[in-house]
Each structure stands twice: as structure tokens, then as C-alpha cells.
Amino acid sequence: MTRQSKIKIIAILFTLLLTSNFLVAEIIQDKDFNFSLDLPEGYKIDNYTEDGMSYIFSHPNIPVTLALKIYYDDSFTSSQSVLKMTLEKLTAKGDIDSVKWSEKNCAISSFTMNLDKAYSGWSVCAPTKIEHSYVALICYAPTDLFPKCQQFIMSSLNSLCINDDYYYAPGLITTYAYPKEGKKNITAKIAGKQITSSMDKSDIEASKFLIDLEFAVFSLYAKMPNWKEAWQRYYRMIYRDNCGRTAQFSSDVFKALYPACQAQNPDNPDITYAQTLLSWVQNFNYKRSTEKTSSDFTSIPSVLNGEGNDCDSRSMLITIMLNNIGIDTIFLISREYSHALVATDIKAPGQTYILEETGKEYLFGETTAKVTWGMIAGDQADRTKWIPITLP
């Protein structure tokens with residue numbers, strides 16, 4: 001099957017999927033050029049070219065248009081030149097900046113243009129894995145509505161990934177807004193051991209920007225049928241950003257603690273290490289925001305900096321730290337219980353959650369009560385009330 005026919009079939013499937021009454025969160029992937037988009041729920045394909053290199057998306061509830069264009073030609077030499085050409089074709093006006101992202105030289109621009117009326121938007125361009133090929137995204141709204149749509153536009157563009165090795169890292173928009181400022185030391189006392197690690201000086205502020213951005217988008221879906229999928233995406237986007245910012249910490253803690261876990265429990269050091277982390281976060285200072293206009297999620301860099309936090313931040317921290325050492329771990333949330341848990345693929349006694357789509361069994365972890373893995377409150381044991389946040 002040719003690329004043209006494959007993309008055409010995918011386009012039809014996405015149209016059927018995204019315009020259905022019960023929308024499903026989907027990550028759009030192009031395996032040939034190795035890029036993906038984790039768009040906010042509800043986008044539908046309005047048009048596409050027969051060669052599968054251009055798409056136009058719209059949203060039924062948000063007045064936003066997203067254009068995706070793949071360029072593949074030996075004459076193209078940079079993301080900046082490709083984005084400049086793209087905007088010129090639309091007679092759009094805007095300065096183009098360069099940004100280093102995913103170890104590639106990429107381009108970004110805010111622009112205005114006139115089609116049937118005035119529009120404003122943001123656009124990005126990045127190289128793909130195939131030499132002389134680029135993916136460009138142009139997302140815009142009517143100029144008079146742009147201020148209300150700008151966070152939705154930024155979230156859409158920020159979901160782009162051009163390299164699987166950098167999937168769990170800050171997106172292009174966040175990287176552009178908050179460039180690295182240099183390392184700062186952080187310390188953590190875990191199981192009586194003082195561990196020194198580092199994060200970037202910009203990580204706390206940058207991660208809060210991302211959380212506020214995604215909360216604004218998620219809030220649009222509160223009364224929509226696809227609220228659950230929007231909630232899952234909200235946490236996926238936070239996980240992706242926070243995971244990249246705390247990878248060094250995860251590595252340093254593992255190196256410092258895992259040898260002792262192996263010595264203590266040679267038959268199952270993973271559960272000993274996981275319990276060490278669980279006991280550590282169970283002693284964190286509790287904090288939950290009462291503001292309805294902002295997220296109550298404390299970013300992982302802020303947690304490691306000593307800020308108070310709640311169940312979802314703690315559960316995500318454990319999920320990140322275990323996934324980073326190769327132990328499959330998922331994050332669970334419940335609207336009915338107003339709670340979050342972590343669940344891990346470690347064989348040990350206790351209560352488990354079975355992921356419906358794979359049949360895989362995960363051991364529950366409670367981060368706010370001082371209990372061991374496999375123990376959860378009896379009044380929170382209904383598995384149907386837990387929503388899994390699985391990761392690509």
C-alpha cells in the first residue's frame with residue numbers, strides 16, 4: 001500500500017472518529033516522517049491532499065483552524081526558510097524566531113493574515129527524521145477571538161513531537177517561552193539518605209506555565225461528553241513536560257538507593273525500591289488549592305523544591321520515577337473519589353488494577369496514607385471509578 005493510500009484511509013478514519021458523539025483521545029502519528037500530535041479532543045479533518053502531505057483541521061466548539069503541511073525537497077535547508085515560505089503563501093505577516101528543540105533547529109512565529117477576514121495565530125516548523133523534510137503547523141483564529149483561543153492554539157502546537165527519544169520532554173512552545181538558564185542543585189532526604197541532584201533554573205516557572213496552559217484547555221471540556229478524554233490528555237501533557245524536567249533527579253535517586261534495595265531484597269528489589277519512594281512521598285506536606293480558576297496540581301519541579309502537594313502530584317512523581325527505570329507504571333484518577341493513585345507492574349501481594357485495553361495487572365499505590373503497595377481504602381475500591389492515564 002502506498003503512502004498516499006495509507007494516509008487517505010487514516011484521514012477517513014480520523015474524520016469518523018473525531019466527529020462521533022463520544023470522542024476518543026487519539027495521538028495522530030506519521031510513521032514515515034516520525035512525528036506525532038496529541039491534539040486537544042474534538043478536532044476533525046476538513047480537507048487533505050491526495051498525496052497525504054497536507055491537512056486542514058477545524059474544531060466544532062472552538063473557532064480554531066489547524067493546518068499541517070509536510071515538505072520534502074532537497075532545496076529546503078532550514079526550518080526558518082520553510083516557515084517563511086509557508087507564511088508568504090498565506091500572505092501572513094510575522095517575525096520568525098529560531099528555537100533549539102529536540103536537538104534540532106526549529107522555527108516559530110506569531111502572525112496575522114487576511115483571508116475572508118482578519119486572523120491571528122501561531123506557527124511552528126521542525127525537521128523530521130528524513131533529510132530535507134520538515135513539518136509545519138499553522139494554527140489560527142479570527143483576530144477578534146484570538147485572545148480567548150490563544151491557549152488552545154499553543155496547546156495544539158506544543159503537542160508536536162518529532163523524535164521519539166524526546167517525547168517525554170518539554171514541547172516546542174514551552175521550550176521557546178522558557179529557554180534553559182543553567183543548572184541549580186536540589187537535595188532530597190529519602191530513607192535517611194541525603195541525595196543531591198539538579199534541575200534547570202527555569203523548570204519551576206516553565207512547568208507552572210505548562211500546567212496553567214493545559215488547565216485552561218481542559219476547563220473548556222468540563223461539560224462536554226469527552227471530558228474524560230480531555231482529562232486524560234491534561235495529565236499526559238503534564239507528565240510529558242514534568243518527566244523531561246526531572247529525569248536527572250530520577251536517575252540520581254535510583255543510583256543512590258537501588259543497590260541497598262538489592263541487598264535488602266535480592267528476590268524482588270523493585271518492590272523494595274518502589275516502597276522506599278512511596279514511603280517518602282507519603283510524608284510530604286499536604287497542599288491543595290481552593291481556587292476554581294487555576295489548577296491545584298503542584299508541578300514535580302516545585303514538589304522537589306519543597307512546595308506542598310496533593311495526591312495527583314505525588315502519584316505522578318512516583319509514576320515518573322518508576323517508568324524512568326523501566327518499571328511499567330500508570331497514573332489513575334477518579335472524579336467520584338476526587339483522588340489519584342499510582343499503580344505499577346511489580347509482582348507483589350495486594351490489590352490490583354487491570355488495564356482493560358491490555359489485560360495487564362498493576363499493583364495499587366496510595367500516596368497520602370502511610371500504607372504499603374497493594375493497599376487502598378475500602379470506600380475507593382470500585383475499579384470502574386478509576387480512569388487510567390496511559391502513556392505512548
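Note that the coordinates shown come from a computational prediction; the quantities given were computed from them, not determined experimentally.
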Are more than 12 heavy atoms from other residues, nucleotides or ligands located less than 6.0 Å from atom CG of Asp382? yes
When you measure from the centre of the six-membered ring of Tyr221, is the NZ or CZ of Lys223 under 6.0 Å away and within 45° of the axis? no
Would you say the ring centers of Tyr71 and Phe76 fall short of 6.0 Å from each other? yes
Kindly indicate, with the supporting measurements, whether the criterion side chain to side chain donor-acceptor pair (under 3.5 Å) is fulfilled by Ser334 and Lys385. CA-CA 6 Å; Ser334 172; Lys385 290 182 169 57; over 6 Å; no
Can you tell whether the side chains of Arg236 and Asp38 come within less than 4.0 Å, N to carboxylate O? yes
With a 6.0 Å cut-off (strictly less than), is the heavy-atom count around NZ of Lys148, excluding the residue itself, greater than 12? no
Neighbour count above 12 (heavy atom, 6.0 Å) for Lys93 NZ: no
Taking the six-membered ring for Trp, are Tyr353 and Phe364 parallel (under 30°), tilted (30 to 60°) or perpendicular (over 60°)? perpendicular
Under 6.0 Å from the CD atom of Glu356, do we count more than 12 heavy atoms belonging to anything else shown? no
Check for me, please, whether Leu66 and Leu83 land in the same ILVMFWY cluster - side-chain distances under 4.5 Å, paths through other members count. no
If I take atom CZ from residue Phe215 and atom CZ from residue Phe297, how far apart are they, to the nearest 0.5 angstrom? 13.0 Å
Should the pair Tyr235 and Trp231 be assigned to parallel (<30°), tilted (30 to 60°) or perpendicular (>60°) ring geometry? tilted
For Val342, run the side chain to side chain contact (heavy atoms under 4.5 Å, CB included) check against Leu277, Val281, Ile330, Ile318 and tell me which one passes. Ile318
In this structure, CG of Asn242 is separated from CZ of Arg240 (nearest 0.5 Å) by 12.5 Å
Rounded to the nearest 0.5 Å, how far does OG of Ser133 lie from CZ of Phe35? 9.0 Å
How about Tyr337: does its OH atom have over 12 heavy atoms from other parts shown lying under 6.0 Å from it? yes
Please state whether the rings of Phe152 and Tyr43 are parallel, tilted or perpendicular, taking 30° and 60° as the class boundaries. tilted
Determine whether Leu213 and Leu37 fall in the same hydrophobic cluster, where Ile, Leu, Val, Met, Phe, Trp and Tyr are linked whenever their side-chain heavy atoms lie under 4.5 Å apart. yes
Which residue pairs pass the ring-ring contact (aromatic ring centres under 6.0 Å, His included) test with at least one member in residues 153-177, sequence neighbours excluded? Tyr168-Tyr239
Just how far is it from atom OH of Tyr234 to atom OG of Ser155, taken to the nearest 0.5 Å? 11.5 Å
Drop me the distance from Ile211's CD1 to Thr298's OG1, to the nearest 0.5 angstrom. 7.5 Å
Identify whether Phe218 and Ile62 are in the same connected component of the hydrophobic contact network (ILVMFWY, side-chain heavy atoms under 4.5 Å). yes
Using the six-membered ring of Trp227, assess whether NZ or CZ of Arg335 lies under 6.0 Å from its centre and within 45 degrees of the ring axis. yes
Should Lys360 and Asp345 be marked as a side-chain contact (heavy atoms from CB on, under 4.5 Å) after you check the CA-CA gap, both sets of side-chain angles, and the distance that decides it? CA-CA 8 Å; Lys360 199 167 186 177; Asp345 181 26; 3.0 Å; yes
Please evaluate residues Glu366 and Thr368 with respect to the criterion side chain to side chain donor-acceptor pair (under 3.5 Å), reporting the C-alpha separation (whole Å), side-chain torsions for both, the decisive distance (0.1 Å), and the verdict. CA-CA 6 Å; Glu366 167 61 70; Thr368 57; 2.5 Å; yes
Can you run down the salt bridge (charged side-chain N to carboxylate O under 4.0 Å, His left out) pairs that involve residues 176-194, sequence neighbours left out, and say none if there aren't any? none
With ring centroids as reference points, do Phe146 and Tyr119 lie under 6.0 angstrom apart? no
